[in-house]
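One structure below.
Every chain is numbered from 1, with letters handed out A, B, ... down the list of sequences. All values below come from the heavy atoms of this structure, side chains included, with hydrogens, waters and symmetry mates left out.
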Amino acid sequence: MTVSDAVGEAVAWGGGERKRKFGSEPLPAKWRTEGEQRIYSSKLIDALLRVRRSSASAPSALPSDHVRSREVRRAADRVLAVSARGRTRWSRAILLGRTLRRRVRQRAGCPKPASAAYVTRAAAERRKSPAVEKKTRVLGRLVPGCRKLPLPSLLEEASDYIMALEMQVRAMSAIDEAFSTAGGAPSSPTHVDSM
Amino acid sequence: MSARRSRSRQAGAARITDEQIDDLMSKLQAILPEARLGRNDRVSAAKVLQETCSYIRSLHREMDDLSERLSELLSTTEMSSAQAAVVRSLLM
(Lines give C-alpha, C1' and ligand atoms only; values in the text may rest on other atoms or scores of the structure.)
Protein backbone atom coordinates (compact mmCIF):
# COMPACT_ATOMS: atom_id res chain seq x y z
CA MET A 1 0.00 0.00 0.00
CA THR A 2 1.54 3.33 -0.98
CA VAL A 3 1.69 6.19 1.49
CA SER A 4 -0.93 8.20 -0.34
CA ASP A 5 -3.26 5.18 -0.48
CA ALA A 6 -2.86 4.67 3.24
CA VAL A 7 -3.47 8.31 4.07
CA GLY A 8 -6.45 8.37 1.79
CA GLU A 9 -7.89 5.28 3.40
CA ALA A 10 -7.34 6.62 6.91
CA VAL A 11 -8.95 9.94 6.11
CA ALA A 12 -11.81 8.32 4.23
CA TRP A 13 -12.61 6.19 7.26
CA GLY A 14 -12.57 9.30 9.44
CA GLY A 15 -14.90 11.12 7.09
CA GLY A 16 -17.32 8.24 6.82
CA GLU A 17 -17.56 7.83 10.56
CA ARG A 18 -18.07 11.52 11.16
CA LYS A 19 -21.30 11.37 9.23
CA ARG A 20 -22.64 8.89 11.73
CA LYS A 21 -21.25 10.16 14.99
CA PHE A 22 -20.70 13.46 16.73
CA GLY A 23 -17.18 14.72 17.09
CA SER A 24 -14.05 13.15 15.74
CA GLU A 25 -11.92 13.08 18.85
CA PRO A 26 -9.68 10.10 19.35
CA LEU A 27 -11.28 7.42 21.48
CA PRO A 28 -8.46 5.47 23.13
CA ALA A 29 -10.85 2.94 24.63
CA LYS A 30 -11.64 1.47 21.22
CA TRP A 31 -8.17 -0.11 21.10
CA ARG A 32 -9.26 -2.49 23.83
CA THR A 33 -12.25 -3.89 21.98
CA GLU A 34 -12.15 -7.34 20.44
CA GLY A 35 -13.54 -6.04 17.19
CA GLU A 36 -10.73 -3.58 16.71
CA GLN A 37 -8.12 -6.23 17.33
CA ARG A 38 -9.79 -8.62 14.92
CA ILE A 39 -9.90 -6.04 12.15
CA TYR A 40 -6.29 -5.14 12.80
CA SER A 41 -5.15 -8.77 12.75
CA SER A 42 -6.93 -9.42 9.49
CA LYS A 43 -5.43 -6.39 7.76
CA LEU A 44 -2.01 -7.14 9.12
CA ILE A 45 -2.09 -10.70 7.81
CA ASP A 46 -3.02 -9.35 4.37
CA ALA A 47 -0.10 -6.93 4.53
CA LEU A 48 2.32 -9.61 5.70
CA LEU A 49 1.36 -12.02 2.96
CA ARG A 50 1.95 -9.23 0.45
CA VAL A 51 5.36 -8.51 1.98
CA ARG A 52 6.19 -12.19 1.77
CA ARG A 53 5.08 -12.50 -1.83
CA SER A 54 7.05 -9.47 -2.94
CA SER A 55 10.26 -10.64 -1.30
CA ALA A 56 9.80 -14.13 -2.72
CA SER A 57 9.57 -12.77 -6.25
CA ALA A 58 12.92 -10.98 -5.93
CA PRO A 59 15.24 -13.84 -5.08
CA SER A 60 18.33 -11.97 -6.19
CA ALA A 61 17.90 -9.49 -3.33
CA LEU A 62 17.85 -11.95 -0.45
CA PRO A 63 16.94 -9.79 2.53
CA SER A 64 18.83 -10.34 5.75
CA ASP A 65 16.96 -11.38 8.87
CA HIS A 66 17.23 -7.86 10.18
CA VAL A 67 15.74 -6.32 7.05
CA ARG A 68 12.87 -8.82 7.00
CA SER A 69 12.11 -8.16 10.62
CA ARG A 70 12.08 -4.41 10.01
CA GLU A 71 9.68 -4.87 7.11
CA VAL A 72 7.31 -6.77 9.34
CA ARG A 73 7.55 -4.11 12.01
CA ARG A 74 6.90 -1.35 9.51
CA ALA A 75 3.92 -3.16 8.05
CA ALA A 76 2.52 -3.61 11.56
CA ASP A 77 2.95 0.10 12.30
CA ARG A 78 1.40 1.18 9.02
CA VAL A 79 -1.68 -0.96 9.51
CA LEU A 80 -1.94 0.34 13.08
CA ALA A 81 -1.76 3.93 11.86
CA VAL A 82 -4.47 3.29 9.27
CA SER A 83 -6.68 1.85 12.01
CA ALA A 84 -6.44 5.15 13.84
CA ARG A 85 -8.49 6.70 11.03
CA GLY A 86 -6.44 9.87 10.79
CA ARG A 87 -7.56 11.17 14.17
CA THR A 88 -4.26 11.31 15.96
CA ARG A 89 -1.01 13.03 15.26
CA TRP A 90 1.09 9.93 15.91
CA SER A 91 -0.83 7.91 13.35
CA ARG A 92 -0.61 10.59 10.68
CA ALA A 93 3.12 10.88 11.34
CA ILE A 94 3.61 7.16 10.76
CA LEU A 95 1.71 7.25 7.49
CA LEU A 96 3.76 10.20 6.32
CA GLY A 97 7.00 8.44 7.13
CA ARG A 98 7.35 9.62 10.73
CA THR A 99 8.34 13.16 9.91
CA LEU A 100 5.85 15.97 9.68
CA ARG A 101 7.85 18.58 7.86
CA ARG A 102 4.80 20.72 7.48
CA ARG A 103 1.71 20.66 9.64
CA VAL A 104 -0.76 18.22 8.16
CA ARG A 105 -3.78 20.30 7.33
CA GLN A 106 -6.84 18.97 9.04
CA ARG A 107 -9.92 18.56 6.96
CA ALA A 108 -12.29 21.50 7.04
CA GLY A 109 -14.87 21.26 9.78
CA CYS A 110 -12.89 18.79 11.85
CA PRO A 111 -13.32 19.96 15.45
CA LYS A 112 -10.07 20.11 17.37
CA PRO A 113 -9.84 18.26 20.65
CA ALA A 114 -10.02 20.64 23.61
CA SER A 115 -6.43 20.13 24.60
CA ALA A 116 -5.22 21.44 21.25
CA ALA A 117 -6.58 24.86 22.16
CA TYR A 118 -4.15 27.69 21.92
CA VAL A 119 -1.57 27.78 24.72
CA THR A 120 0.69 30.74 25.11
CA ARG A 121 4.34 29.92 25.08
CA ALA A 122 4.68 31.49 28.52
CA ALA A 123 1.84 29.46 30.00
CA ALA A 124 3.08 26.22 28.53
CA GLU A 125 6.52 26.75 30.05
CA ARG A 126 5.51 28.35 33.32
CA ARG A 127 5.49 26.34 36.54
CA LYS A 128 7.25 23.33 35.04
CA SER A 129 10.26 21.98 36.81
CA PRO A 130 13.33 21.26 34.70
CA ALA A 131 12.81 17.55 35.34
CA VAL A 132 9.29 17.69 33.91
CA GLU A 133 10.48 19.68 30.93
CA LYS A 134 13.24 17.24 30.18
CA LYS A 135 10.99 14.22 30.45
CA THR A 136 8.38 15.95 28.33
CA ARG A 137 10.97 16.29 25.59
CA VAL A 138 11.91 12.63 25.88
CA LEU A 139 8.27 11.61 25.62
CA GLY A 140 7.85 13.87 22.61
CA ARG A 141 10.58 11.95 20.85
CA LEU A 142 9.03 8.57 21.64
CA VAL A 143 5.60 9.33 20.25
CA PRO A 144 5.77 9.72 16.46
CA GLY A 145 5.23 13.23 15.15
CA CYS A 146 4.92 14.80 18.58
CA ARG A 147 8.27 16.39 19.13
CA LYS A 148 7.02 19.94 19.51
CA LEU A 149 3.63 19.40 21.07
CA PRO A 150 2.75 21.25 24.27
CA LEU A 151 2.28 19.01 27.27
CA PRO A 152 -1.52 18.65 27.31
CA SER A 153 -1.72 17.53 23.66
CA LEU A 154 1.29 15.33 24.12
CA LEU A 155 -0.35 13.55 27.05
CA GLU A 156 -3.46 12.87 24.99
CA GLU A 157 -1.45 11.56 22.06
CA ALA A 158 0.67 9.42 24.38
CA SER A 159 -2.42 7.88 25.99
CA ASP A 160 -3.89 6.90 22.65
CA TYR A 161 -0.53 5.73 21.33
CA ILE A 162 0.02 3.46 24.33
CA MET A 163 -3.40 1.84 24.03
CA ALA A 164 -2.80 1.30 20.33
CA LEU A 165 0.64 -0.23 20.99
CA GLU A 166 -0.84 -2.58 23.57
CA MET A 167 -3.39 -3.79 21.04
CA GLN A 168 -0.64 -4.18 18.49
CA VAL A 169 1.34 -6.38 20.88
CA ARG A 170 -1.70 -8.50 21.71
CA ALA A 171 -2.52 -8.97 18.04
CA MET A 172 1.06 -9.75 17.00
CA SER A 173 1.43 -12.31 19.78
CA ALA A 174 -1.74 -14.05 18.67
CA ILE A 175 -0.60 -13.96 15.04
CA ASP A 176 2.77 -15.44 16.00
CA GLU A 177 0.98 -18.25 17.82
CA ALA A 178 -1.35 -18.86 14.90
CA PHE A 179 1.49 -18.98 12.36
CA SER A 180 3.42 -21.35 14.61
CA THR A 181 0.43 -23.62 14.88
CA ALA A 182 -0.45 -23.49 11.19
CA GLY A 183 3.13 -24.09 10.15
CA GLY A 184 3.40 -27.05 12.45
CA ALA A 185 6.43 -25.57 14.20
CA PRO A 186 6.51 -25.83 17.98
CA SER A 187 5.58 -22.47 19.41
CA SER A 188 7.83 -21.04 22.05
CA PRO A 189 6.15 -19.55 25.10
CA THR A 190 5.41 -15.89 24.66
CA HIS A 191 6.55 -13.47 27.31
CA VAL A 192 3.56 -11.22 26.93
CA ASP A 193 1.51 -10.79 30.06
CA SER A 194 -2.10 -11.39 29.31
CA MET A 195 -4.41 -8.57 30.37
CA MET B 1 -5.58 29.50 13.00
CA SER B 2 -5.29 33.17 11.98
CA ALA B 3 -2.52 35.29 13.40
CA ARG B 4 -5.05 37.87 14.47
CA ARG B 5 -6.95 35.38 16.58
CA SER B 6 -3.77 34.17 18.23
CA ARG B 7 -2.73 37.65 19.25
CA SER B 8 -6.04 38.53 20.86
CA ARG B 9 -5.99 35.31 22.90
CA GLN B 10 -2.49 35.93 24.08
CA ALA B 11 -3.72 38.82 26.18
CA GLY B 12 -6.02 36.60 28.26
CA ALA B 13 -5.25 33.80 30.68
CA ALA B 14 -3.88 30.51 29.38
CA ARG B 15 -6.67 28.16 28.43
CA ILE B 16 -4.93 25.12 29.76
CA THR B 17 -5.00 25.04 33.55
CA ASP B 18 -2.80 23.09 35.92
CA GLU B 19 -5.94 21.23 36.85
CA GLN B 20 -6.40 20.01 33.31
CA ILE B 21 -2.82 18.87 33.17
CA ASP B 22 -3.24 17.06 36.51
CA ASP B 23 -6.34 15.43 35.09
CA LEU B 24 -4.51 14.24 31.99
CA MET B 25 -1.64 13.01 34.17
CA SER B 26 -3.93 10.87 36.30
CA LYS B 27 -5.61 9.51 33.18
CA LEU B 28 -2.18 8.51 31.95
CA GLN B 29 -1.39 6.98 35.33
CA ALA B 30 -4.55 4.91 35.02
CA ILE B 31 -3.41 3.57 31.65
CA LEU B 32 0.05 2.52 32.78
CA PRO B 33 0.34 -1.00 34.18
CA GLU B 34 -0.52 -1.06 37.87
CA ALA B 35 2.88 -2.46 38.83
CA ARG B 36 4.59 0.69 37.66
CA LEU B 37 2.93 3.42 39.65
CA GLY B 38 0.01 2.02 41.59
CA ARG B 39 -3.49 3.27 40.95
CA ASN B 40 -4.51 5.76 43.55
CA ASP B 41 -1.50 7.36 45.11
CA ARG B 42 -0.72 10.80 43.85
CA VAL B 43 2.47 10.59 41.87
CA SER B 44 4.59 13.49 40.68
CA ALA B 45 4.31 14.64 37.10
CA ALA B 46 7.96 13.78 36.55
CA LYS B 47 7.39 10.21 37.72
CA VAL B 48 4.36 9.76 35.49
CA LEU B 49 6.29 11.02 32.49
CA GLN B 50 9.25 8.82 33.30
CA GLU B 51 7.17 5.68 33.61
CA THR B 52 5.30 6.56 30.45
CA CYS B 53 8.55 6.82 28.51
CA SER B 54 9.83 3.60 30.04
CA TYR B 55 6.60 1.78 29.21
CA ILE B 56 6.55 2.97 25.60
CA ARG B 57 10.15 1.83 25.18
CA SER B 58 9.31 -1.61 26.54
CA LEU B 59 6.33 -1.88 24.17
CA HIS B 60 8.61 -0.96 21.27
CA ARG B 61 11.08 -3.65 22.32
CA GLU B 62 8.30 -6.17 22.58
CA MET B 63 7.16 -5.25 19.07
CA ASP B 64 10.69 -5.68 17.74
CA ASP B 65 10.91 -9.15 19.30
CA LEU B 66 7.50 -10.17 17.97
CA SER B 67 8.37 -8.86 14.50
CA GLU B 68 11.56 -10.85 14.51
CA ARG B 69 9.73 -14.04 15.42
CA LEU B 70 7.06 -13.42 12.86
CA SER B 71 9.52 -12.71 10.06
CA GLU B 72 11.29 -15.98 10.83
CA LEU B 73 8.01 -17.87 10.81
CA LEU B 74 7.02 -16.29 7.52
CA SER B 75 10.26 -17.19 5.83
CA THR B 76 10.35 -20.77 6.99
CA THR B 77 6.71 -21.66 6.64
CA GLU B 78 5.37 -22.75 3.30
CA MET B 79 2.27 -20.64 3.48
CA SER B 80 -0.31 -22.30 1.33
CA SER B 81 -3.73 -20.77 1.05
CA ALA B 82 -5.07 -23.56 3.23
CA GLN B 83 -2.64 -22.64 5.98
CA ALA B 84 -3.48 -18.96 5.63
CA ALA B 85 -7.11 -19.94 6.18
CA VAL B 86 -6.11 -21.87 9.30
CA VAL B 87 -4.28 -18.82 10.61
CA ARG B 88 -7.33 -16.63 10.12
CA SER B 89 -9.67 -19.10 11.73
CA LEU B 90 -7.42 -19.29 14.78
CA LEU B 91 -7.66 -15.56 15.18
CA MET B 92 -11.23 -14.68 14.32
Side-chain angles (χ1 to χ4, degrees), chain A residues 28 38 41-42 45 48-49 51-52 65 68-73 76-77 115 117-120 122-124 126-129 131-132 135-136 138-139 142-143 150-152 155-156 158-159 161-163 165-166 168-169 172-185 188 191-193, chain B residues 1 5-6 9-18 20-21 23-25 27-28 30-33 35 44-50 52-53 55-57 59-60 62-92:
Chain A
R38 229 179 291 139
S41 302
S42 178
I45 290 174
L48 292 172
L49 292 175
V51 165
R52 195 164 178 274
D65 295 348
R68 268 197 326 249
S69 163
R70 279 211 61 91
E71 273 183 14
V72 168
R73 176 76 198 272
D77 287 347
S115 68
Y118 181 75
V119 179
T120 64
R126 200 169 34 171
R127 285 173 283 178
K128 302 247 172 31
S129 71
V132 167
K135 292 177 202 295
T136 301
V138 173
L139 182 58
L142 283 171
V143 182
L151 185 57
L155 294 179
E156 283 216 352
S159 302
Y161 184 53
I162 285 176
M163 313 260 302
L165 282 177
E166 285 175 340
Q168 194 184 34
V169 165
M172 283 283 277
S173 304
I175 290 176
D176 271 2
E177 281 296 309
F179 269 93
S180 294
T181 309
S188 42
H191 47 272
V192 175
D193 293 329
Chain B
M1 186 101 69
R5 198 166 7 144
S6 303
R9 286 218 176 136
Q10 207 167 15
R15 296 189 48 187
I16 306 300
T17 61
D18 282 351
Q20 281 172 283
I21 292 190
D23 188 51
L24 287 166
M25 285 280 177
K27 285 204 180 106
L28 199 46
I31 287 175
L32 298 175
S44 72
K47 203 80 180 48
V48 173
L49 288 172
Q50 175 150 331
T52 303
C53 292
Y55 186 46
I56 290 180
R57 276 196 215 101
L59 288 169
H60 283 168
E62 216 164 346
M63 275 306 299
D64 282 338
D65 289 345
L66 288 167
S67 301
E68 205 176 300
R69 272 187 59 199
L70 192 49
S71 77
E72 280 170 30
L73 285 167
L74 283 172
S75 63
T76 57
T77 313
E78 282 283 318
M79 189 53 60
S80 68
S81 56
Q83 280 171 316
V86 171
V87 167
R88 284 184 201 280
S89 69
L90 287 171
L91 292 168
M92 309 301 160

Hey, does Leu155(A) have a side-chain heavy atom less than 4.5 Å from the side chain of Gln20(B)? no

Does a side-chain heavy-atom distance below 4.5 Å link His60(B) with Leu165(A)? yes

What's the spacing between Tyr161(A) OH and Thr52(B) OG1 if we round to 0.5 Å? 13.0 Å

In a check of side chain to side chain contact (heavy atoms under 4.5 Å, CB included) between Ser159(A) and each of Leu32(B), Leu24(B), Ile31(B), which one passes? Ile31(B)

For Met172(A) and Ser67(B), work out which heavy atoms get closest and say how close. CE-OG, 3.6 Å

How far apart are the C-alpha atoms of Ile56(B) and Leu139(A), what are their side-chain angles, what is the distance that settles it, and do they pass the side chain to side chain contact (heavy atoms under 4.5 Å, CB included) test? CA-CA 9 Å; Ile56(B) 290 180; Leu139(A) 182 58; 3.8 Å; yes

Just wondering, are more than 12 heavy atoms of other shown residues or ligands nearer than 6.0 Å to CZ in Arg88(B)? yes

Which distance, rounded to the nearest 0.5 Å, do you find between the CD1 of Ile175(A) and the CG of Leu73(B)? 11.5 Å

Heavy-atom cut-off 4.5 Å, strictly under: side chain, backbone, both or neither for Ala174(A) against chain B? both

Does the side chain of Asp64(B) reach to within under 4.5 Å of the side chain of Ser69(A), using non-hydrogen atoms? no

Over all heavy atoms of both residues, which pair between Val132(A) and Leu49(B) is shortest? Give the atoms and the distance, please. O-CD1, 3.7 Å

Straight-line distance of Phe179(A) CZ to Leu70(B) CG, nearest 0.5 Å: 6.0 Å

Tell me the closest heavy-atom pair linking Val72(A) and Ser71(B), and the distance in Å. CG2-CB, 3.7 Å

On a heavy-atom basis, which atom in Leu66(B) and which in Val169(A) lie closest, and how many Å separate them? CD1-O, 3.7 Å

Could you tell me whether the side chain of Glu62(B) reaches within less than 4.5 Å of the side chain of Glu166(A), counting heavy atoms only? no

Could you tell me if the side chain of Ser180(A) sits less than 4.5 Å from the side chain of Arg69(B), heavy atoms only? yes

